[in-house]
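Convention: sequence-line order gives letters A, B, ...; per-chain numbering from 1. Bear in mind the structure is a predicted one, so any value in this text is a computation, not a measurement.
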Amino acid sequence: DAGITQSPRHKVTETGTPVTLRCHQTENHRYMYWYRQDPGHGLRLIHYSYGVKDTDKGEVSDGYSVSRSKTEDFLLTLESATSSQTSVYFCASRTSGKGRNTIYFGEGSWLTVV
Amino acid sequence: KNEVEQSPQNLTAQEGEFITINCSYSVGISALHWLQQHPGGGIVSLFMLSSGKKKHGRLIATINIQEKHSSLHITASHPRDSAVYICAVWDDYKLSFGAGTTVTVRA
C-alpha cells in the first residue's frame, strides 16, 4: 500500500472557525486529490493538485482552499467552517501519466461542524 | 462529465452465493477502478481495468470497452465481503464515481 496519511482523523469544530486537514504521502506521487463523501452524494472532488503549487478546483470547491508547497503534502482549508461541511474527507494520490495509474486513498478524516 | 451508473444500489446475499455488481459509463475512458469501502473504513482499489478480465482470489472484474460496461463478481461470498463497492472511471486526470453498491452477506 502507498504511504498516504491524513490528519486529524477526527475533529469537532465550531461554526465559523478555520480548519485545516493535512494529507501526507511518501510515494512521490505527482497528483493529489481531496474528496468529500456524503450519504446520497457519494464521493465528490473538492480540489486536486497536479504538482507543487499547481492546483485546480473540483465540483464542490466553494468554501474550501488548498495548498501544495511540497510534493508530499496537500492541505485542505475550510476558511470558515459551516454545518454543511460536516462530512468525511478523503485524500488520494497517484503517479503521473494519463488515466492508467492506480489511485491510493487515505483513511479519511471525519469532520463535524457544530 | 462522465456519468457512472451502478446497479444494484443494495444487495443482500447468503454466505456462499455468487454476487454480481454492474457499472455503466457514458463516454470513452482509459481505465476503470473497482473500489471497496468497509463500514467506517478507508477506500481501497481492488482492481484497475482497461480491457478484459482480472481475478484476485474470489473477486473477478470484467470490462467491455465497446459496450461501456464493467462487472464485479464475488464468488463464494463471505460475511467479510460486506462493504460498499464503488465503480470509478478516469475522466482525463480525475475520477468520476458511481454511487456505490452496498453489499451485505449473511452467515
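No continuous path of hydrophobic side-chain contacts links A:Leu75 to A:Ile46 [ILVMFWY only; heavy atoms under 4.5 Å]. In terms of hydrophobic clustering, with Ile, Leu, Val, Met, Phe, Trp and Tyr side chains grouped at heavy-atom distances under 4.5 Å, A:Phe74 and A:Phe90 are assigned to different clusters. Connection of A:Leu76 to A:Leu43 is not established within any shared hydrophobic cluster, with ILVMFWY side chains joined at heavy-atom distances below 4.5 Å, either directly or through further cluster members. Linking Ile, Leu, Val, Met, Phe, Trp and Tyr residues whenever their side-chain heavy atoms come within less than 4.5 Å places B:Phe47 and B:Ile21 in a single cluster.
Note on A:Glu107, A:Arg44, A:Gln37: by heavy-atom pairs under 4.5 Å with chain B, the leading option is A:Gln37.
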Exercise for the section: With side chain to side chain contact (heavy atoms under 4.5 Å, CB included) as the test, would you mind laying out the steps for B:Leu95 and A:Tyr33 before giving the verdict? Expected result: CA-CA 10 Å; B:Leu95 275 177; A:Tyr33 305 83; over 6 Å; no
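Atom CZ of B:Arg58 has more than 12 neighbouring heavy atoms from other residues, nucleotides or ligands inside a 6.0 Å radius.
Put simply, CD1 on B:Ile43 and CD1 on A:Ile103 are 9.0 Å apart, with the number rounded to the nearest 0.5 Å.
Neither the backbone nor the side chain of A:Gln6 comes within contact range of chain B, judged by heavy atoms closer than 4.5 Å. Residue contact with chain B, scored on non-hydrogen atoms closer than 4.5 Å, involves the side chain of A:Leu45 exclusively. Heavy-atom distances place no part of A:Tyr50 under 4.5 Å from chain B, backbone and side chain included.
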